[in-house]
Amino acid sequence: QVQLVESGGGLVQAGGSLRLSCLASGRTISAMPMAWFRQAPGKAREFVARINWSNSITAYADSVKGRFTISRTNAQNTVSLQMNSLKPEDTAVYYCAAARRDSLWYTAPLSDQAYEYWGQGTQVTVSS
């Protein structure tokens, strides 16, 4: 079992920055693909960014590309999301997720269905 705890959310003005962190416990996540998703009120959960186990591959939603950066520090069992140039439309609850390297993840690494472990979420609110 993996427990994930997000932190770093808050209220920020448009154009500002926040850094989200996800701390894993229960087992090492060094071999696990990790991702961030978000869910705005009244909307479905959506993919934000993902990173593979060796830091060599990252992917981003078009809406955040060039503004957000995902990274991981396996030695500290953490994953981070640096968010710059924030916009009001980035307002959402942000979730950290971990996946098993199974066929579902290899088939659909951007789908929330491919991720087995989830944190409780952290609220990000961007004011205009």
Side-chain angles (χ1 to χ4, degrees):
Q1 284 289 343
V2 178
Q3 292 79 44
L4 303 173
V5 178
E6 302 95 337
S7 62
L11 173 64
V12 64
Q13 288 189 332
S17 298
L18 282 174
R19 185 176 181 85
L20 304 184
S21 294
C22 173
L23 176 63
S25 62
R27 58 168 284 185
T28 177
I29 59 170
S30 61
M32 304 180 80
M34 301 294 295
W36 288 92
F37 289 79
R38 67 186 181 186
Q39 187 167 22
K43 294 187 177 181
R45 186 162 56 191
E46 65 174 1
F47 167 79
V48 175
R50 72 173 181 92
I51 187 167
N52 75 336
W53 46 94
S54 62
N55 267 321
S56 60
I57 298 175
T58 58
Y60 299 90
D62 288 342
S63 59
V64 307
K65 203 170 294 184
R67 300 188 297 122
F68 290 12
T69 302
I70 188 172
S71 61
R72 65 190 298 162
T73 304
N74 286 336
Q76 297 177 359
N77 239 25
T78 59
V79 178
S80 299
L81 185 68
Q82 178 67 41
M83 306 186 296
N84 299 327
S85 302
L86 283 161
K87 305 175 180 179
E89 51 263 44
D90 294 319
T91 295
V93 178
Y94 283 71
Y95 298 92
C96 175
R100 296 181 184 273
R101 290 162 59 180
D102 58 15
S103 58
L104 179 56
W105 182 81
Y106 279 103
T107 302
L110 308 188
S111 168
D112 61 356
Q113 299 301 307
Y115 292 82
E116 181 170 354
Y117 304 104
W118 293 83
Q120 82 290 348
T122 185
Q123 176 70 47
V124 171
T125 303
V126 184
S127 63
S128 58

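Note: hydrogens, waters and symmetry copies are ignored here, and every other heavy atom, side chains too, is used. Here the structure is a predicted model, which means the values were calculated and not measured.
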Between Phe37 and Leu110, which heavy-atom pair has the shortest distance, and what is it?
CE2-O, 3.6 Å
Tyr95 meets the ring-ring contact (aromatic ring centres under 6.0 Å, His included) criterion, sequence neighbours left out, with none
Common cluster, Phe47/Ile51, ILVMFWY with side-chain heavy-atom separation under 4.5 Å:
no
So do Gln76 and Leu23 actually touch side chain to side chain, heavy atoms under 4.5 Å?
no
Got a donor-acceptor contact below 3.5 angstrom from the Asn77 side chain to the Gly26 backbone?
no
Please list, chain by chain and in numerical order, all residues satisfying side-chain hydrogen bond (donor to acceptor under 3.5 Å, both in side chains) with Asn74, sequence neighbours excluded.
Arg72
Listing, residues 7-20 side-chain donor-acceptor contacts under 3.5 Å, not counting sequence neighbours, or none:
{"residue": "Ser17", "atom": "OG", "partner": "Asn84", "partner atom": "OD1", "Å": "2.9"}
{"residue": "Arg19", "atom": "NH1", "partner": "Gln82", "partner atom": "OE1", "Å": "3.2"}

After noting the C-alpha distance and the side-chain angles of Asp112 and Glu46, does the key distance pass the side-chain contact (heavy atoms from CB on, under 4.5 Å) rule?
CA-CA 8 Å; Asp112 61 356; Glu46 65 174 1; over 6 Å; no
Mind checking what makes side-chain hydrogen bond (donor to acceptor under 3.5 Å, both in side chains) contact with Ser128, not counting sequence neighbours?
none
Residue pair Gln120 / Leu4: nearest heavy atoms and the distance that separates them:
OE1-O, 3.6 Å
Treating Thr91 as the side-chain partner and Pro88 as the backbone partner, does any N or O pair qualify as donor plus acceptor under 3.5 Å?
yes
What is the distance from atom CZ of Arg45 to atom OG of Ser111, rounded to the nearest 0.5 Å?
9.5 Å
Got Tyr94 and Leu81 here, is their nearest side-chain heavy-atom distance under 4.5 Å?
yes
When you look at Trp118 and Trp36, which way does the ring-ring contact (aromatic ring centres under 6.0 Å, His included) test go after all the steps?
CA-CA 10 Å; Trp118 293 83; Trp36 288 92; over 10 Å; no
Throw together a table of side-chain donor-acceptor distances under 3.5 angstrom for residues 59-67, partners on residues two or more places apart or in other chains.
{"residue": "Tyr60", "atom": "OH", "partner": "Ile70", "partner atom": "N", "Å": "2.9"}
{"residue": "Asp62", "atom": "OD1", "partner": "Lys65", "partner atom": "NZ", "Å": "3.1"}
{"residue": "Ser63", "atom": "OG", "partner": "Arg38", "partner atom": "NH2", "Å": "3.4"}
{"residue": "Arg67", "atom": "NH1", "partner": "Ser85", "partner atom": "O", "Å": "2.9"}
{"residue": "Arg67", "atom": "NH1", "partner": "Asp90", "partner atom": "OD2", "Å": "2.8"}
{"residue": "Arg67", "atom": "NH2", "partner": "Ser63", "partner atom": "O", "Å": "2.8"}
{"residue": "Arg67", "atom": "NH2", "partner": "Asp90", "partner atom": "OD1", "Å": "3.0"}
{"residue": "Arg67", "atom": "NH2", "partner": "Asp90", "partner atom": "OD2", "Å": "3.4"}

Strictly distance-based, threshold 3.5 Å: is any side-chain N or O of Glu6 a donor or acceptor partner for the main-chain N or O of Cys96?
yes
Exam field: side chain Ser80 to backbone Ser21, donor-acceptor pair closer than 3.5 Å
no
In the single-linkage hydrophobic clustering (I, L, V, M, F, W, Y; side-chain heavy atoms under 4.5 Å), do Leu104 and Tyr117 co-cluster?
no
Output a table of donor-acceptor pairs, distance under 3.5 Å, between side-chain atoms of residues 28-35 and any protein atom two or more places apart or on a different chain; print 'none' if there are none.
{"residue": "Thr28", "atom": "OG1", "partner": "Ser30", "partner atom": "N", "Å": "3.1"}
{"residue": "Thr28", "atom": "OG1", "partner": "Ser30", "partner atom": "OG", "Å": "3.1"}

If we count only N and O atoms by modelled type, under 3.5 Å, do the side chains of Tyr115 and Arg100 hold a donor and an acceptor together?
no
